[in-house]
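Chain naming here is simple, since letters A, B, ... match the order of the sequence lines and numbering starts at 1 in each.
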Amino acid sequence: MTVRTRFAPSPTGSLHVGGARTAIFNWLFARHAGGQFILRVEDTDRERSTEESILEITDAMEWLGLDWDEGPFRQSERLEIYQKHANLLLDSGHAYKCYVTPEELDEKRKEAQSRGDVLHYKREWAKLNEGPDVPYVIRLQTPDEGTIEVQDKLRGTVTFDATEVDDFIILKRDGFPTYNFAVVVDDATMNITHVIRGDDHLINTPRQVLIYKSLNYEVPTLAHVSMILGSDNKRLSKRHGATSVVAYKDRGYLPEAIINFLSRLGWSYGDQEIFSKEELIEKFTLDNVGKSAAVFNEEKLEWLNSHYIKNDPPEKIAELVIPLLKENGLEVELDEKLIKIIKELSQRAKTLLDIRDSINYFYASEIEFEEKAKNKFLKSEIKPVLQDIVDKLSNLSDFNMDEMHKVFDQVMEERELKLGKIAQPVRVALTGGTVSPGIFEVMDILGKDEVIARLNNAISVIPNE
RNA sequence: GUCCCCAUCGUCUAGCCUGGCCCAGGACAUCGGCCUUUCACGCCGAAAACAGGGGUUCAAAUCCCCUUGGGGACGCCA
């Protein structure tokens, strides 16, 4: 039997990192097994589900490179299937109609609560209000005693007492299925073989097992992965800052960094930290998935991101940076100059935005000097030195790094200055600030004319003694 | 409150299933050093954990129990 996994988000917001991790695990598991990965949208909550959100989720998945083989299916388009299954259960006596109103139920629930209890509804008020035109829900008739066992691939057998499970609703009065029912009907009819999902669903699983059994469907292999927590050990939420995948995209993160990072949250392969997508597919198995919750560690994500920025081909990084520059009003082409710049800047960037924010002086027609840098390094005594450098550089017929080195060596020797004394003023002259790639690299990128122009410009702004 | 899950450095984790090779390994972050024309990168090094208590055993991070701690769930939400 071919492996079929699924990712089933509810479209009530954009894809957050927790959901992305679940999607990644399912996707990796399917790809590893050469099976299929299905996308299903669980939009039975009519109040909160939006089309926009579906688009946001699929966009994020595409950006991450999580391709799906079927779907996105919408549960809202499968109502007949759920109703048919509900009727099946009605006919077989596994389910019954219940006429209690939500308000009445609320009251009962409050009563129970005031007794310090939880309402465990076992069909006692089903016939209350019964009548031909009275709206009703359909509930599953659950066992009154005994236990319900859940087989979990990660946690073994988990046993629940039947009294813990009440006669839950499978079909709401609006004819929509509830989550537990829709999930089971879908997973069964879509032939899902492996359900990998968050830990928070483990508590739902006895209910789902009951539905599978009542419907005579086989229970798929279940694996409940533990959740991702914020730095305060609470379930990751908006409170913790950026939690959506697009937020990270917008902050200059690379999809491979996110995939790599999220894969390693709850899964590991010995001591290895860096995984390409292909490697993940090859190495991912449920055996190496851990059971304890993992804290989302932004610093490690950042480290991975900087790793990929450093090690990805500069052409690729350049292509990602170009649109960011455009947003800032800087139109640049993917040429040799940009590649050289990226090679340098990617060494010191943690995100694509770091590159975007430190690239300006390479393209500026006029250098803006940082006040502090100018005051510290562009002083009158350096003026003749800069002039000397301009003269010597002007004479170079071949403006390459070797020749530049020779020029600087010569100046250093003649004037008995250390490179540091010369390099910083030159850096300020060329870039306007004190932080940049190596000075010779910068000169190489700018080219002879621009270097000389900028040095001359700096000389002109230095006051005479 | 009830039920369910979980428990190794601050964080992600290896080791646990199949006890001894573990006075516990790697990575991020931190701190120190080296490199150096700035900032980074890189390299070297340091500090840092088996939650506690009982068992079982010649031997326990590894198996069992209890306690504690953390998380999750208790909806006509998903």
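Taking a pair to require two hydrogen-bonding distances under 3.5 Å in either a Watson-Crick or a G-U wobble arrangement, B:rC58 pairs with B:rG20. In a base pair of the Watson-Crick type (N1 to N3 plus N6-O4 or O6-N4) or a G-U wobble (N1-O2 and O6-N3), with each distance short of 3.5 Å, B:rG45 is matched with B:rC31. Judged by Watson-Crick or G-U wobble contacts below 3.5 Å, the nucleotide B:rA40 has no partner. Of all nucleotides present, only B:rU2 satisfies the Watson-Crick or G-U wobble test against B:rA73, with each distance under 3.5 Å.
Contact annotation: A:Ser268 reaches the phosphate of B:rA14 (side-chain N/O to OP1 or OP2, under 4.0 Å). Contact annotation: A:Lys310 side-chain N/O to B:rA40 OP1/OP2 distance is not under 4.0 Å.
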*Determine, stepwise, if the pair A:Arg139 / A:Asp166 fulfils salt bridge (Lys or Arg N to Asp or Glu O under 4.0 Å).*
CA-CA 9 Å; A:Arg139 290 179 181 269; A:Asp166 59 359; 5.5 Å; no

*Would A:Arg6 and A:Asp186 satisfy salt bridge (Lys or Arg N to Asp or Glu O under 4.0 Å), going step by step from the backbone distance to the final call?*
CA-CA 10 Å; A:Arg6 45 66 160 189; A:Asp186 284 341; over 6 Å; no

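Between the C1' atoms of B:rA51 and B:rG45, the separation comes to 30 Å (whole Å). Using C1' as the reference atom, B:rC44 and B:rU67 are 45 Å apart when rounded to the nearest Å. Taking atom C1' in both B:rU8 and B:rG69, one finds a spacing of 15 Å when rounded to whole Å. A distance of about 23 Å separates the C1' atoms of B:rG72 and B:rC66, rounded to the whole Å. For B:rC50 and B:rU13, the C1' atoms lie 13 Å apart once the distance is rounded to whole Å. When the P atom is compared between B:rG10 and B:rG52, the two are found 13 Å apart, to the nearest whole Å. When the C1' atom is compared between B:rA73 and B:rC31, the two are found 43 Å apart, to the nearest whole Å. For the P atom pair drawn from B:rC6 and B:rG42, the interatomic distance equals 38 Å after rounding to whole Å.
Within the 4.0 angstrom heavy-atom criterion, no nucleotide atom of any strand lies near A:Lys418. Base engagement by A:Val137 is indicated by at least one non-hydrogen atom pair under 4.0 Å involving a base atom. Counting any heavy atom pair closer than 4.0 Å across all strands shown, A:Thr12 reaches no nucleic acid atom. Counting any heavy atom pair closer than 4.0 Å across all strands shown, A:Val165 reaches no nucleic acid atom. Using a 4.0 Å heavy-atom cutoff across all strands shown, A:Gly433 reaches no nucleic acid atom at all. Base contact: A:Thr101 has a heavy atom under 4.0 Å from a base atom.
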Write down the protein N/O and nucleotide N/O pairs, taken from nucleotides 44-50 of chain B, whose separation is under 3.5 Å; answer none if there are no such pairs.
none

Considering only nitrogen or oxygen atoms on both sides, find all protein atoms under 3.5 Å from nucleotides 73-75 of chain B and state each distance.
{"residue": "B:rA73", "atom": "OP1", "partner": "A:Arg235", "partner atom": "NH1", "Å": "2.6"}
{"residue": "B:rG75", "atom": "OP2", "partner": "A:Arg109", "partner atom": "NE", "Å": "3.2"}

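For A:Glu52, the CD atom is loosely surrounded, since the number of other residues' heavy atoms within 6.0 Å does not exceed 12. Atom NZ of A:Lys383 sits in a crowded spot, with more than 12 heavy atoms from other residues, nucleotides or ligands closer than 6.0 Å.
For A:Lys172, the listed nucleotide lying nearest its side chain is B:rC76; candidates were B:rC3, B:rC6, B:rC76. Checking B:rG70, B:rC3, B:rU8 against every side-chain atom of A:Ser292, the shortest atom distance belongs to B:rU8. The listed nucleotides are B:rC76, B:rC77, B:rC6; the one nearest the side chain of A:Asp45 is B:rC77.
The backbone N or O of A:Lys310 lies less than 3.5 Å from no partner atom in the side chain of A:Ser346, so there is not a single donor-acceptor pair. A:Asn311 places a side-chain N or O within donor-acceptor distance of the main-chain N or O of A:His307, the cut-off being under 3.5 Å. A donor-acceptor distance shorter than 3.5 angstrom exists from the side chain of A:Lys448 to the backbone of A:Leu396, with no hydrogens or angles considered. The closest donor-acceptor contact from the side chain of A:Arg123 to the backbone of A:Cys98 lies at 3.5 Å or more, if one exists at all.
Separation of the A:Phe284 and A:Phe275 ring centroids does not fall under the 6.0 Å cut-off.
Between the CZ atom of A:Arg46 and the C1' atom of B:rC77 there is a distance of 14 Å, rounded to whole Å. Nucleotide B:rA78 holds its C1' atom 16 Å from the CG atom of A:Leu171, rounded to whole Å. Here B:rA40 presents its C1' atom at 13 Å from CD of A:Glu302, a figure rounded to the nearest Å. Atoms CE (A:Met227) and C1' (B:rA78) sit 12 Å apart, rounded to a whole Å. Atom-to-atom, CZ of A:Arg197 to P of B:rC5 comes out at 15 Å; the value is rounded to the nearest Å. Look at CG on A:Leu229: it is 13 Å from C1' on B:rG69, rounded to the nearest Å. Summarising the geometry, the separation between CD1 on A:Ile228 and C1' on B:rG70 is reported as 17 Å, rounded to the nearest angstrom. A:Leu345 places its CG atom 14 Å from the P atom of B:rC41, with the value rounded to the nearest Å.
Qualifying side chain to side chain donor-acceptor pair (under 3.5 Å) partners for A:Asp161, counting only residues two or more places apart in sequence or in other chains: A:Thr163. Applying the side chain to side chain donor-acceptor pair (under 3.5 Å) criterion to A:Glu256, with sequence neighbours excluded, gives A:Lys316. For A:Asn305, there are no side chain to side chain donor-acceptor pair (under 3.5 Å) partners, not counting sequence neighbours.
Place A:Arg21 and A:Pro102 on RNA chain B by their nearest nucleotides, and A:Arg21 ends up nearer the 5' end. Judged by closest nucleotide on RNA chain B, A:Leu236 is the one of A:Arg139 and A:Leu236 placed further toward the 5' end.
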*Assign a letter to each nucleotide of nucleotides 17-39 of chain B from its 5' end: B, base within under 4.0 Å of a protein heavy atom; S, sugar-phosphate only; -, no contact.*
--------BBBBS-------BBB

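By the 30° and 60° cut-offs, the orientation of the rings of A:Phe408 relative to A:Phe440 is perpendicular.
Between the side chains of A:Glu104 and A:Thr101, at least one donor N or O lies within less than 3.5 Å of an accepting N or O. Side-chain contact annotation: A:Asp152 with A:His224, donor-acceptor N/O pair under 3.5 Å present.
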